[in-house]
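Have a look at the structure below before the remarks.
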There are 2 protein chains.
Amino acid sequence: MATIKDVAQKAGVSIATVSYVINKSRRVNPETAKRVCQAIQELNYHPNRIAQSLVTKSTQILSVLISDITDPFFAPIVRGIEDVAVKAGYIVMVCNNDEDSSKTKRYLDSLAQHRVDGLIISPTSGIEDLKANLEEMGIPTVFVNRRSAEVEADLVESDNELGAYMGIRHLLDLGHTKIGTIIGPTTVSTYADRLSGCKRAFQEAGVTPDPSLLKTGSFHPDSGYQMAKELFAGATKPTAVFVGSGRLSRGAYQAFQEMGLGIPEQLSLVTFDDTEWTTLVTPPLTTVSQHTYQMGQMAAEILLERIKKRNTPPPLWPDEEGQKPEAIPLQHLKLKPDLIVRSSTSHLQEGVKGGECGE
Amino acid sequence: MATIKDVAQKAGVSIATVSYVINKSRRVNPETAKRVCQAIQELNYHPNRIAQSLVTKSTQILSVLISDITDPFFAPIVRGIEDVAVKAGYIVMVCNNDEDSSKTKRYLDSLAQHRVDGLIISPTSGIEDLKANLEEMGIPTVFVNRRSAEVEADLVESDNELGAYMGIRHLLDLGHTKIGTIIGPTTVSTYADRLSGCKRAFQEAGVTPDPSLLKTGSFHPDSGYQMAKELFAGATKPTAVFVGSGRLSRGAYQAFQEMGLGIPEQLSLVTFDDTEWTTLVTPPLTTVSQHTYQMGQMAAEILLERIKKRNTPPPLWPDEEGQKPEAIPLQHLKLKPDLIVRSSTSHLQEGVKGGECGE
DNA sequence: AACGCTTATCTAAACGTTTAGTTAAACGTT
DNA sequence: AACGTTTAACTAAACGTTTAGATAAGCGTT
């Protein structure tokens, strides 16, 4: 591939001049500039970003570290990031960690070596390394979707507490009190918050939920399936269920179908995450919808801002006196989810009110 | 961030020595090596891949250029690529072009500048630039999912002809003859192939399909919706429909639901692509399932092979005499799709046989 | 004619590695 | 004691850019 040297030679100028016309970083005689441009064209010259990066210390690469791009929840986040990244001249690296901290560690190392300009991460719990790594590498980082207990940094998340609150509240408003709750591991901030939201809704309504109706499991749809079955194996049968994640709801929904539960007659169902299939099933599901694409966009915008004014916030870098005036406060965005009421929820029917006398 | 110089200084050796212990590229006194390793640890040294790349001319970056990561068809492909890439020490850049050739062009430029080691691309039709770009940049490339008429390169695709054949054949076997076909733009190899497959199935069965029952549209679900409606607006009503893509089937399925068509009693439905929701709807759909994850894996493996023996195949680089003995022949993998028979298809019922006499 | 200013271009150092080639010490042979 | 061989480490060029500073020509003042 042609180098700047080739271009310079062809145009009969020094390489510095070529650099100046490319970057418009100094005045260049229009005539000369034209010759240079022509040479660039003819040689199909692509400036070597590697060499550029080495001297400018900027790679124009953003990285995203998530659980799994295959998850319909994460894909739009990544897409949102990509769209704003591209607009700003960045390109994005995608990293899947499958909620596995050793994969995370390896990726962070790799990203550090590649000297990516920034990182957007949906953190897995229990990464103590994370803090150390992030700090020492000094890569501008914004958290997306989940918080990390260990590290303070910019954050874009949904208002999960509110989302869950709205879901449960909706069911309560419809007269349900025996409400089953299926949720992921509460070590993760999203689920912890959603659980709080559920509790608040119950409390406000003066309803004390049967503790046997609360199920917490893992991330996997299978776990959702499992929990759904358990919910109806207990003494108190719920008349409504709130499933606290899209992935879990896939499994749970399958379980409900297998059990032949009529929705919404026998079971009112509210689900977190408004993925593709929620409107395709019959009846279409009432969901708490997160603005995933926008979440990605916001995260990327904040990250770019951080990169521009390269002042890592206080908690990551100990306050150096000289820096202070420029420091941007830590951003913490909370996107309001929407409750989309469809046909999987309905008023509690007198006939099916009790659960104990169930089928 | 610490540099190799810092490490050398701390360990009391030259930078060359440090390089040797890192890369194990020369014998180093074990004692010295230990000192170096310790220095690396203490400084949390991450070798600067930028600098490495500049001299080794290898970035350890693979890139994937697809329509949209948000599409449940592409996500597993990317995941397959990522998994084999990571195992080989590569990291992957994801690029969405939204089937837009100008975005493609910009991305190719960008990737060229970043000097990515390889490219996996699902080509959009009508990119004449593609050929020129790919050739001049000399980036090892493998096509995935779709062929490009313009450029010859390694290719991993589904046997789309076979997939469609199986789908139609299945419907014919069930006694259907008025079979509607909904398919994407036949300028794209996938759809062209699928159309051929449909035709072959009809031909073999001695059935001449009503031309009004063949609809071709765009990529978008809306287009699927549109075509589904049109299909039942015509004079000949189909008793079965074959939808030739997952994205289109989303729209089509919605249309069928709106029209209140009983599946499979009034309409037997076969759909391409076995995405998440096909088993969640009632009844679960009969689908032609592509092995997308595996497709990504294979593509990445072939690409890595190409990168290793860096012999760009004949069509891209004119045959130089010296190279010949090493050249690997162009790979062309065709993954067989599976017909998964579920409950959306059934034997043609006598009562609904005709279509002309409407509902 | 000498001076300073502007404009256009060039020179060369720097970025952080890899690696071929060199040096130097240590050791075994003769 | 002189020599070759092995081992271990060093020196310096190269990779392809950016960019500060130097140079030099052209021009308007005085």
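Residue numbers begin at 1 in each chain, while the letters A, B, ... track the order of the sequences. Atoms considered below: every heavy atom in the structure, side chains included; atoms not considered: hydrogens, waters and symmetry mates.
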Verify the contact: side-chain N or O of [X] to OP1 or OP2 of [N], cut-off strictly under 4.0 Å; return yes or no.
X       : N      : result
A/Tyr45 : D/dT17 : yes
A/Ser14 : C/dT9  : no
B/Lys57 : D/dG16 : yes
A/Arg27 : C/dA8  : yes

Output one line per pair: protein atom, nucleotide atom from nucleotides 22-26 of chain D, and distance, for all N/O pairs under 3.5 Å.
none

After noting the C-alpha distance and the side-chain angles of B/Asn44 and B/His46, does the key distance pass the side-chain hydrogen bond (donor to acceptor under 3.5 Å, both in side chains) rule? CA-CA 6 Å; B/Asn44 196 323; B/His46 291 267; 2.8 Å; yes
Taking only residues two or more places apart in sequence, or in another chain, which ones meet [X] in a side-chain contact (heavy atoms from CB on, under 4.5 Å)?
X        : answer
B/Ala300 : B/Ile81, B/Val84, B/Ile120
B/Lys10  : B/Ala39, B/Glu42, B/Leu43
A/Lys308 : A/Glu305

Under 3.5 Å on both distances, the Watson-Crick or G-U partner of C/dT30: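 In the structure as shown, C/dT30 has D/dA1 as its Watson-Crick or wobble partner.
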Roughly how many Å is it from [atom1] in [X] to [atom2] in [N], rounded to a whole number?
X       : N      : atom1 : atom2 : value
A/Glu31 : C/dT9  : CD    : C1'   : 15 Å
A/Ile22 : D/dT17 : CD1   : P     : 7 Å
B/Ile4  : C/dT19 : CD1   : P     : 11 Å
B/Lys24 : C/dT18 : NZ    : P     : 13 Å
A/Tyr20 : D/dT17 : OH    : P     : 15 Å
A/Asn23 : D/dA20 : CG    : P     : 12 Å
A/Met1  : D/dT17 : CE    : C1'   : 15 Å

If we ignore angles and hydrogens, is there a donor and acceptor under 3.5 Å between the side chains of B/Gln294 and B/Thr292?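 No.
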Without hydrogens or angle criteria, can the side chains of B/Tyr107 and B/Asn96 be said to hold a donor-acceptor pair below 3.5 Å?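 Note: B/Tyr107 and B/Asn96 side chains miss the donor-acceptor criterion.
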Indicate, with a heavy-atom threshold strictly under 4.0 Å, whether B/Ser19 touches base, sugar-phosphate, or nothing.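 Counting heavy atoms under 4.0 Å across all strands, the contact made by B/Ser19 includes a base.
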For A/Val142 and A/Leu155: C-alpha separation, side-chain torsions, deciding distance, then whether side-chain contact (heavy atoms from CB on, under 4.5 Å) applies. CA-CA 6 Å; A/Val142 1; A/Leu155 166 66; over 6 Å; no
For residues 23-36 of chain B, pull every pair meeting side chain to side chain donor-acceptor pair (under 3.5 Å), keeping only residues two or more places apart or in separate chains.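 Side chain to side chain donor-acceptor pair (under 3.5 Å) check on residues 23-36 of chain B returns B/Ser19-B/Asn23.
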As a test of reading the structure: which of C/dT9, C/dT17, D/dT11 is closest to the side chain of B/Ala16, going by heavy atoms?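 Per side-chain heavy atoms of B/Ala16, the pick is D/dT11.
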Tell me which nucleotide among D/dT18, D/dG16, C/dA8 gets nearest to the side chain of A/Thr32.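 Looking only at side-chain atoms, A/Thr32 lies closest to C/dA8.
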DNA chain D contacts among residues 48-56 of chain B, heavy-atom distance under 4.0 Å: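 Residues of residues 48-56 of chain B that come under 4.0 Å of DNA chain D are, in numerical order, B/Leu54, B/Val55.
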Take B/Ile15 and A/Ala2, find for each the nucleotide of DNA chain D with the closest heavy atom, and name the residue whose nucleotide sits nearer the 5' end.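 Residue closer to the 5' terminus by nearest nucleotide: B/Ile15.
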side-chain contact (heavy atoms from CB on, under 4.5 Å), that's the test. Do A/Glu157 and A/Val144 meet it? Break it down for me. CA-CA 6 Å; A/Glu157 62 178 346; A/Val144 74; over 6 Å; no
Between the main-chain N or O of A/Ser102 and the side-chain N or O of A/Thr104, is there a donor-acceptor pair closer than 3.5 Å?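 Here the side-chain-to-backbone pair does not exist.
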